[in-house]
2 protein chains.
Amino acid sequence: MPSHLARRFHQICLGATAEVLEPAGLTPGEFGLLAAVQDLPDLEQRGLARALGIDAVTAGHMIDRLEAAGLLQRRVDPSDRRARLLSATAQGAVLRERLRPAALEAQERIMAALTSEERHTFLDLLTRIVETNQSYARPGNGRRHPRRSRAPGKE
Amino acid sequence: MPSHLARRFHQICLGATAEVLEPAGLTPGEFGLLAAVQDLPDLEQRGLARALGIDAVTAGHMIDRLEAAGLLQRRVDPSDRRARLLSATAQGAVLRERLRPAALEAQERIMAALTSEERHTFLDLLTRIVETNQSYARPGNGRRHPRRSRAPGKE
DNA sequence: TATTGTTATACTCTATAACTATA
DNA sequence: TATAGTTATAGAGTATAACAATA
């Protein structure tokens, strides 16, 4: 039961934010990543992915799209030339600020059924649930790939 | 902020249930559909999809897989031969009962941080949020496809 | 050897569009 | 005309595996 409610709740949040982000051509995930890059600047990709609870490959793809759109940029970390430090461009910062009010309004619409005290309680409880289950950073709807070891030659 | 929490919460629920469902070869979505078919028997595909908040195409694909696995079956509705009525097979019913305790335990583990009173409050508030936002049955992470009208001949 | 990021591949879930069979 | 279901196609998000560059 909670699982189904979790899915619907997420679905509702996605739908409501996708709606207001659509004119700007951003998905909710992309907007979240852009916002995170501004709030936690000069983080490398893996650190950002960890902070958002997404895997490094997905983060890489999202960053590709945001970089191509001119909203953020990668910079080689001078102290570890494998890592890429992320920062929003001026354009990205402006867009984020422009979209922020509508995104907040969308969230408030979703919570409109609750009094402000209930909202506070709800977010507090939800935060505790999420924080005590950090180990499930691994999402993944998909069936696990059965690792069919296709190392060439080794067979 | 609620949006991010919603995503993590859903992610946690998926991870926890996927874990216990994995040995049976079911995804959380498939298990949810199988359970729904048992709880709402002889519903047509579209009605079931609506009840679950998923679209009819996805439901069709999931049903394909569950039918191929011998867990449920389609039956042509005699009163409307377009519709397919769904029901679990004996095998599907047994599997659902077998998996149910582990699935419930997984959910309880997730809520372990809350007292039973807090759990009740949380689920009540979450239920109200979901119920007052039924209109967002349309999930969709994806960017809307820009309908590039490829009707043949009409160009 | 281990880690950061990338590329290739695969799969779920979602979507739109076009189709078939029915109503 | 409209609806139930299917098939084809596409994109987001996730995953694993293998690789190059760097540590």
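Reminder, nothing fancy here: chain letters follow the sequence lines and each chain counts from 1.
Side-chain contact check for B/Thr17 and B/Gln107: no donor-acceptor pair (N or O, by modelled atom type) lies under 3.5 Å.
Between the P atom of C/dA15 and the CD atom of A/Glu22 lies a distance of 12 Å, rounded to the nearest Å. If you measure from atom CD1 of B/Ile54 to atom C1' of C/dT12, you get 12 Å, rounded to the nearest angstrom. Here the P atom of nucleotide C/dG5 and the CD1 atom of A/Ile63 are 8 Å apart, to the nearest Å. In this entry the distance linking NE2 of B/His61 with C1' of D/dA10 reads 12 Å, nearest Å. Here C/dT12 presents its C1' atom at 18 Å from CZ of B/Phe31, a figure rounded to the nearest Å. Protein atom CD of B/Gln11 is 13 Å distant from nucleotide atom C1' of D/dA15, rounded to whole Å. The interatomic distance linking A/Leu21 (CG) with D/dA12 (P) rounds to 14 Å, in whole Å. D/dG5 atom C1' lies 12 Å from atom CG of B/Asp55, rounded to whole Å.
In this structure, A/Arg75 pairs ionically with A/Asp42, as a charged nitrogen and a carboxylate oxygen lie closer than 4.0 Å.
We find the OG-CZ distance between A/Ser3 and B/Phe31 to be 9.5 Å, quoted to the nearest 0.5 Å.
For B/Ser116, the side chain to side chain donor-acceptor pair (under 3.5 Å) test picks out no residue, with sequence neighbours left out.
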Could you check A/Asp55 against A/Thr58 for side chain to side chain donor-acceptor pair (under 3.5 Å), going step by step and ending with a plain yes or no?
CA-CA 6 Å; A/Asp55 80 307; A/Thr58 305; 2.5 Å; yes
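For D/dG13, one of the phosphate oxygens OP1 or OP2 lies less than 4.0 angstrom from a side-chain nitrogen or oxygen of A/Thr27. For the OP1/OP2 pair of C/dT6 and a distance below 4.0 Å, the side-chain nitrogens and oxygens of A/Arg74 include at least one atom meeting the criterion.
Tracing side-chain contacts under 4.5 Å through hydrophobic residues (I, L, V, M, F, W, Y), one reaches A/Leu114 starting from A/Leu5; they form part of the same cluster. Both A/Leu123 and B/Leu123 are assigned to one and the same hydrophobic cluster, defined by single-linkage of ILVMFWY side chains at heavy-atom distances under 4.5 Å. A chain of hydrophobic side-chain contacts below 4.5 Å, direct or via other Ile, Leu, Val, Met, Phe, Trp or Tyr residues, connects B/Ile63 to B/Leu43. A single hydrophobic cluster is not seen to contain both A/Leu104 and A/Leu34; linkage of ILVMFWY side chains at heavy-atom distances under 4.5 Å, directly or through other members, places them apart.
Less than 4.0 Å separates DNA chain C from no heavy atom of any residue of residues 37-49 of chain B. Of the residues in residues 76-88 of chain B, B/Arg82, B/Ala83, B/Arg84 come within less than 4.0 Å of DNA chain D through at least one heavy atom, sorted by number.
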